[in-house]
Amino acid sequence: MAITGRIHSFESFGAVDGPGIRYVVFFQGCPLRCIYCHNPDTWPPRGGQEVTVEEIVDRVLPYQPFLRRGGVTLTGGEPLLQSAFVYELTKALHTHGLHVAIDTAGSIPLEQCRAAVDEADLLLLDIKALQPKLCRMICGSDGEGAKALLRHCENTGKAVWLRHVVVPDYTLDYDKLQALAD
């Protein structure tokens, strides 16, 4: 039986979700409730459509000539909520020479998502806030999972692009931004 995942939507020409031109797969389901989320319709885990790895690969391959200096980005929602599917999809995309980035907030425990993370070429890791209390206010999580994921990537040499949303009255603070940069 083929493994399936729940997908919210697809974008065939992404320019801000990793290096180069990207085919973007939006996964359905997210455990966080960020106050500034731009995809709240991806939150419910049972929404979207059920698809197989092969169906996604078949959708991506016609765009492959445009993705040579880019690749495929798995985002959401939270793609690592479906870690086994992400792992299989990443392996399948790699067989076609495609670069794969995972856009994550690090909210899924590393022991659940390690294989998928290790298989990816790049992580786009969204650090909501370094301070646990502020992070809980912003998204409902203390952010420790994101820090653990970053440590894992540093220890394994995994490429990571840190992302951070600057919001007045929450994260727009020089000292907090300096701490994050450090």
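Reckoned from all heavy atoms, side chains included, excluding hydrogens, waters and symmetry mates.
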If the test is side chain to side chain donor-acceptor pair (under 3.5 Å), which one of D126, D103, T104 qualifies with R163?
D103
Quick check: closest heavy atoms across C30 and L81, and the distance to 0.1 Å?
N-CD2, 3.8 Å
Report yes or no: do L122 and I21 belong to one cluster of Ile/Leu/Val/Met/Phe/Trp/Tyr joined by side chain heavy-atom distances under 4.5 Å?
no
Less than 4.5 Å apart, any side-chain heavy atom of T90 and any of L74?
yes
Residue pair K158 / H152, side-chain heavy-atom distance below 4.5 Å
no
If you define the side chain from C-beta out and look only at heavy atoms, does anything of L177 sit under 4.5 Å from T171?
no
Over all atoms of both residues, closest heavy-atom pair of Y87 and A115
CD1-O, 3.4 Å
Out of curiosity, H164 NE2 to K128 NZ, how far, rounded to the nearest 0.5 Å?
10.0 Å
Look at atom CG of D169 and say whether more than 12 heavy atoms of other residues, nucleotides or ligands are closer to it than 6.0 Å.
no
What's the separation between atom CD in Q82 and atom CD1 in I108, rounded to the nearest 0.5 Å?
10.0 Å
What I want to find out is whether R151 reaches E154 closely enough, with some N-O distance under 4.0 Å, to be called a salt bridge.
no
Looking at A146 and I127, what are the two nearest heavy atoms and their distance?
CB-CD1, 4.0 Å
Same apolar cluster: F66 and V25, side chain cutoff 4.5 Å:
no
Between R22 (side chain only) and V72 (backbone N and O only), is there a donor and an acceptor less than 3.5 Å apart?
yes
Minimum heavy-atom separation for G76 and F26, please, with both atom names.
O-CD2, 3.8 Å
Report yes or no: does N39 contribute a side-chain atom to a donor-acceptor pair with the main-chain N or O of D41 at less than 3.5 Å?
no
Tell me, do L98 and Q64 make a side-chain contact under 4.5 Å, heavy atoms counted?
yes
Roughly how far, to the nearest 0.5 Å, is CG of D118 from SG of C153?
8.0 Å
Between Q49 (side chain only) and H8 (backbone N and O only), is there a donor and an acceptor less than 3.5 Å apart?
no
Are I102 and L124 packed together at the side-chain level, in the sense that at least one heavy-atom pair is separated by less than 4.5 angstrom?
no
Side chains of L125 and L150, heavy atoms from C-beta outward: is any pair under 4.5 Å?
yes
Above 12 or not: heavy atoms from other molecules or residues under 6.0 Å from CZ of F13?
no
Which atom names give the shortest non-hydrogen contact between V24 and G14, and what distance separates them?
CG2-CA, 4.0 Å
Any chance you could lay out the side-chain hydrogen bond (donor to acceptor under 3.5 Å, both in side chains) test for Q112 and S83, step after step, and finish with the verdict?
CA-CA 7 Å; Q112 285 179 239; S83 296; 6.0 Å; no
Could you state the interatomic distance from CD (Q131) to CG (L180), rounded to the nearest 0.5 Å?
8.5 Å
Main chain of R46, side chain of Q28: is a donor-acceptor contact present, judged purely on distance under 3.5 Å?
no
So, do V117 and T156 sit near enough that their side-chain heavy atoms are less than 4.5 Å apart?
no
State plainly whether one hydrophobic cluster holds both L172 and L134, where clusters connect Ile, Leu, Val, Met, Phe, Trp and Tyr through side-chain heavy atoms under 4.5 angstrom apart.
no
For E78 and P31, work out which heavy atoms get closest and say how close.
CB-CD, 3.9 Å
To the nearest 0.5 Å, tell me how far L32 CG sits from S107 OG.
4.0 Å
Separation between CG of L61 and CD1 of I56, rounded to the nearest 0.5 Å
12.0 Å
Between L89 and Y63, is there shared hydrophobic-cluster membership here, with clusters defined by ILVMFWY side-chain heavy atoms closer than 4.5 Å?
yes
Treating R6 as the side-chain partner and G29 as the backbone partner, does any N or O pair qualify as donor plus acceptor under 3.5 Å?
no
Do I7 and E50 have side chains that approach each other closer than 4.5 Å (heavy atoms only, starting at C-beta)?
no
Taking the six-membered ring of Y23, is the NZ or CZ of R59 close enough (under 6.0 Å from the centre) and on axis enough (within 45°)?
no
Checking the side chain of D17 only, and the main-chain atoms of T73 only, is there a donor and an acceptor separated by less than 3.5 Å?
no
Without swapping roles, check the side chain of K147 against the backbone of L130 for a donor-acceptor pair under 3.5 Å.
yes
Between Y170 and I138, does the side-chain contact (heavy atoms from CB on, under 4.5 Å) criterion hold? Intermediate values first, please.
CA-CA 8 Å; Y170 291 96; I138 290 171; 4.3 Å; yes
Check whether L80 and W161 end up in the same hydrophobic cluster, where Ile, Leu, Val, Met, Phe, Trp and Tyr are linked by side-chain heavy atoms less than 4.5 Å apart.
no
In terms of the angle between their ring planes, are F85 and F27 parallel, tilted or perpendicular, with boundaries placed at 30° and 60°?
perpendicular
